[in-house]
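Nothing here was measured: the structure is a model prediction, and the numbers come from that model. When a ligand or atom number is given, it counts from 1 through the structure's own listing order.
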Amino acid sequence: MSSVLNYDLHCHSTGSDGLLSPTDLVQRAAERGVDVLALTDHDNTLGLAEAAVVAREQGIAFVPGVEISTSWGGVTIHVVGLGIDASNETLTQGLAHVRGSRGRRAERIAVALAEAGIPDALAGAHAYCEDPSLISRTHFARYLVSTGYAKDVKSVFQHYLTPGKPGYVAHDWASVPDAVSWIRAAGGRAVIAHPGRYKLNPMQLGALFAEFKESGGVGIEVITGSHSPEQYDVFARHARDFDMLASRGSDFHGPGESRIDLGQLPNLPADLRPIWHEAF
Ligand code: AMP
Ligand code: MN
Ligand code: MN
Ligand code: MN
């Protein structure tokens with residue numbers, strides 16, 4: 001038996017844009033050997049109570065989490081909070097504010113898609129989203145796949161819904177310092193999610209990490225399903241250079257939709273300081 005616990009500290013349920021209920025997600029994690037799981041739905045904590053109960057039943061440890069949408073110099077940056085108290089009012093009010101703008105943004109996305117010749121996308125996306133306040137680009141992507149505009153969700157994002165492509169609309173999320181302060185108010189640790197996904201040059205990335213640390217952020221995701229194996233090395237180096245804690249999480253959204261399944265990532269490089277040594 002391996003002496004290294006299997007940590008998966010980033011994934012999604014139907015509490016945001018995942019395909020599985022919190023119950024099914026935790027069961028799948030347990031089946032795949034996860035020892036410690038964090039559920040990190042986008043901008044809300046609705047699934048955490050259910051997930052915690054099922055984790056106890058399945059005998060795995062559970063870390064309550066969230067993934068907050070932020071904007072930094074016009075670029076969308078995701079900030080993961082780990083070990084949060086989901087009942088904290090500063091956090092719940094902050095998240096409610098972020099969610100509040102998703103509906104209007106979805107209307108604008110639908111208008112942009114209609115201008116590109118794709119009608120009815122708002123109703124189409126909502127058919128994939130139980131709670132209108134959670135509507136995301138992923139729900140639009142599933143609709144575009146179902147109507148044959150793309151072969152899968154990944155290729156939707158190559159051709160639509162991203163900067164410069166049909167259906168993209170700019171949007172102002174929370175600020176990075178605000179998101180970090182909400183996470184800290186709720187007793188959690190703030191981690192920059194999948195830094196390799198952002199269109200930032202090395203200087204800009206350095207400025208982001210500096211501002212994040214200045215705000216009280218402590219970690220970066222190094223091993224994530226949203227990084228390529230080459231990016232594991234790049235961001236391990238950033239964790240060392242910026243003296244930040246390292247995190248590991250699949251960013252699993254559902255069977256067939258994610259590169260990496262729950263608990264199936266490589267371990268963190270041995271010399272990095274894992275976030276779980278300093279928290280939970
Ligand atoms: P939103 O919060 O509405 O902007 O939606 C963001 C979500 O879209 C992310 O959390 C991912 O689930 C998904 N997404 C964004 N970019 C990609 C991509 N290149 N490939 C696959 N999914 C993506
Ligand atoms: Mn997502
Ligand atoms: Mn993300
Ligand atoms: Mn995610």
Checklist entry - Going by atom types only, do Q204 and W72 share a side-chain donor-acceptor pair under 3.5 Å? => result no
Item to check | Distance-only polar pair, side chains of H171 and S101, donor-acceptor under 3.5 Å | outcome: yes
Checklist entry - How many angstroms lie between CG in D233 and NE2 in H227, if you round to the nearest 0.5 Å? => result 11.5 Å
Show me, pair by pair, the donor-acceptor contacts under 3.5 angstrom made by side chains of residues 9-16, not counting sequence neighbours?
residue : atom : partner : partner atom : Å
H10     : ND1  : E221    : OE1          : 3.4
H10     : ND1  : E221    : OE2          : 2.6
H10     : NE2  : H12     : NE2          : 3.3
H10     : NE2  : E67     : OE1          : 3.0
H10     : NE2  : D251    : OD1          : 2.8
H12     : ND1  : S16     : OG           : 3.3
H12     : ND1  : T40     : O            : 3.3
H12     : NE2  : E67     : OE1          : 3.0
H12     : NE2  : D251    : OD1          : 3.1
S13     : OG   : G15     : N            : 2.9
S13     : OG   : D41     : OD2          : 2.6
S16     : OG   : D41     : OD1          : 2.5
S16     : OG   : H42     : N            : 3.2

Checklist entry - Is there a donor in the side chain of H139 and an acceptor in the side chain of S136, or the other way round, less than 3.5 Å apart? => result yes
Item to check | Residues D152 and S155: side-chain donor-acceptor under 3.5 angstrom | outcome: yes
Checklist outcome for this item: The number of protein N, O or S atoms lying under 2.8 Å from the Mn ion (ligand 3) is 3
Checklist entry - If you draw a 6.0 Å radius around CD in Q158, do more than 12 non-hydrogen atoms from other residues or ligands fall strictly inside? => result yes
Next on the checklist: So, taking the atom named OG1 in T224 and the one named CD in Q231, what distance separates them when rounded to the nearest 0.5 Å?
Outcome noted: 9.0 Å
Please table the atom pairs, donor to acceptor, closer than 3.5 Å between any side-chain atom in residues 272-280 and protein atoms at least two apart or in another chain.
residue : atom : partner : partner atom : Å
R273    : NH2  : D243    : OD1          : 3.1

Present, as a list of atom pairs with distances to 0.1 Å, all nitrogen or oxygen contacts under 3.5 Å between ligand 1 and the protein.
residue  : atom   : partner : partner atom : Å
ligand 1 : 2 (O)  : R102    : NH1          : 3.3
ligand 1 : 2 (O)  : R102    : NH2          : 3.0
ligand 1 : 3 (O)  : R102    : NH1          : 3.0
ligand 1 : 3 (O)  : R105    : NH1          : 2.8
ligand 1 : 3 (O)  : R105    : NH2          : 3.4
ligand 1 : 3 (O)  : R137    : N            : 2.8
ligand 1 : 4 (O)  : R105    : NH2          : 2.7
ligand 1 : 4 (O)  : R137    : NE           : 2.8
ligand 1 : 4 (O)  : R137    : NH2          : 3.2
ligand 1 : 8 (O)  : T138    : OG1          : 3.2
ligand 1 : 10 (O) : H42     : NE2          : 2.8
ligand 1 : 12 (O) : D17     : OD2          : 3.0
ligand 1 : 12 (O) : T138    : OG1          : 3.3
ligand 1 : 12 (O) : H253    : NE2          : 2.9

Item to check | Metal proximity, H12 vs the Mn ion (ligand 4), N/O/S cut-off 2.8 Å | outcome: yes
Item to check | Check: R184/N88 side-chain N/O donor and acceptor closer than 3.5 Å | outcome: no
